[in-house]
*Asks:* 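What follows is a single structure, and I will ask about it in a moment.
By convention in this document, chain letters (A, B, ...) are assigned in the order of the sequence lines, proteins followed by strands, and residues within each chain are numbered from 1.
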Number of protein chains: 2
Amino acid sequence: MQYLLYKDLSEEEIENLIKKMIEICKEKGIKVTTQRILIFKELAKKTKEHPAAEDIYEALKDKVYGLSLSTVYRALNTFESLGLVRRIPTADGKAHFEIANEPHGHFICQRCGKVKDIESAHLNNLLKEEVKKQGFNPTECNFVCYGLCKECSN
Amino acid sequence: MQYLLYKDLSEEEIENLIKKMIEICKEKGIKVTTQRILIFKELAKKTKEHPAAEDIYEALKDKVYGLSLSTVYRALNTFESLGLVRRIPTADGKAHFEIANEPHGHFICQRCGKVKDIESAHLNNLLKEEVKKQGFNPTECNFVCYGLCKECSN
DNA sequence: ATTTCTGCAAAATTTTTGCAAGAGG
DNA sequence: CCTCTTGCAAAAATTTTGCAGAAAT
């Protein structure tokens, strides 16, 4: 049961995430709009790729009549503050996003900028403990590695 | 000898870093200008604070006649590509910088956005090994933690 | 001398916001 | 209905760039 994060989410997992998202929205009085559902779903499909807002917009703009980039930003910000989505600040000057699943690390390619997941539950726990020892009170710990991805090493 | 990172660099350490920077610039045919020296020095003084380009600009603009923000950006980019300075992408939409000293983690406050260092040499080594096992070839690994800093928890 | 760098202003990029019209509960 | 959301355009914010003059080697 390791390295689960390398797998795309199944259709079923995506549907379940959407249900959870709808539930949480209703709970908080946030309206469940077509745009929000489709944006969330698109991110869920691509979570392994850690898309930027623009990527999601590009994927949806022909499917959702009149969709605007600002709606994508607004939806992602909303999901982030609900804890459903995580923002990954990268060195390319754009914010990238992923579904907030179990914590894990990110490997960022210094040439092509792609972000890949690193399985790290064990290390994340170690890290959290150590950080607490040093007097912080973390809600979330991640790690980031830089280097060349397989494709770019050739 | 732990938690060294919490200390500001001493005058002497800063002077040594500057010497090293000058050496590397000369080696690479990069010119040693007043602006570059002062920008590097200002970052060295503030490295614990992880300033953004603008912070460095603000600190220097009255001391360096006519200094412009773009020069600060250009200098920081140059230093980064020389491996002298590290860029820390944060969630506030600005790039922050630090002197590229020994690898360590960062704690980012979710309320005030301040970035603090976490001593983590041991964990960084563990991490690098684990990441290699997973098939990556990292040049550098860092930790990032989110939470509320001491000041903001009150 | 030659090359590189700086300052300025302008451009490019990413993200946010104001507002009127539209959709959700 | 009332509130929240969207789309659009405009604004804001951060970072990069072109170019002429200045500085470094």
*Asks:* What is the distance, rounded to the nearest whole Å, between atom OH of Tyr65(B) and atom P of dT6(C)?
*Replies:* 17 Å
*Asks:* Less than 4.0 angstrom from a charged side-chain N to a carboxylate O is my criterion; do Glu98(B) and Arg87(B) meet it?
*Replies:* no
*Asks:* Just the rounded figure in Å: distance from P of dT6(C) to CG of Asn77(B).
*Replies:* 12 Å
*Asks:* Is it true that Leu127(B) and Val144(A) fall in one hydrophobic cluster, defined by side-chain heavy atoms closer than 4.5 Å?
*Replies:* no
*Asks:* What's the spacing between Asn101(B) CG and Leu17(B) CG if we round to 0.5 Å?
*Replies:* 8.5 Å
*Asks:* What residues, two or more places apart in sequence or in another chain, satisfy side-chain contact (heavy atoms from CB on, under 4.5 Å) together with Asn16(B)?
*Replies:* Glu12(B), Lys19(B)
*Asks:* Calculate the interatomic distance between Tyr73(B) atom OH and dT6(C) atom P; express it in whole Å.
*Replies:* 16 Å
*Asks:* Does NZ in Lys41(A) sit with more than 12 non-hydrogen atoms of other residues, nucleotides or ligands closer than 6.0 Å?
*Replies:* no
*Asks:* Looking at every strand, decide which applies to Ala95(A) at a 4.0 Å heavy-atom threshold: base, sugar-phosphate, or nothing.
*Replies:* sugar-phosphate
*Asks:* Take Thr78(B) and Ile30(B) through the side chain to side chain contact (heavy atoms under 4.5 Å, CB included) test and state the conclusion after the steps.
*Replies:* CA-CA 9 Å; Thr78(B) 302; Ile30(B) 287 168; 4.1 Å; yes
*Asks:* Treating primed atoms plus P, OP1 and OP2 as sugar-phosphate and everything else as base, which nucleotides of nucleotides 18-25 of chain C get B, S or - for protein heavy atoms under 4.0 Å?
*Replies:* B-----BS
*Asks:* Within the distance-only criterion (no hydrogens, no angle test), does the side chain of His50(A) pair as donor or acceptor with the backbone N or O of His96(A) below 3.5 angstrom?
*Replies:* no
*Asks:* Strictly below 4.0 Å, N to O, side chains only: are Glu140(A) and Lys128(A) in salt-bridge contact?
*Replies:* no
*Asks:* Between dT16(C) atom C1' and Glu80(A) atom CD, what is the distance in whole Å?
*Replies:* 14 Å
*Asks:* Which part of the nucleic acid, if any, lies within reach of Leu69(A) when heavy atoms closer than 4.0 Å are counted: base, sugar-phosphate only, or nothing?
*Replies:* base
*Asks:* Could you tell me the separation between the CD1 atom of Ile56(B) and the P atom of dT6(C), rounded to a whole number of Å?
*Replies:* 14 Å
*Asks:* Does anyone know the first and last nucleotide of DNA chain D in reach of chain B, 5' to 3', at under 4.0 angstrom to a heavy atom?
*Replies:* dT14(D) to dT25(D)
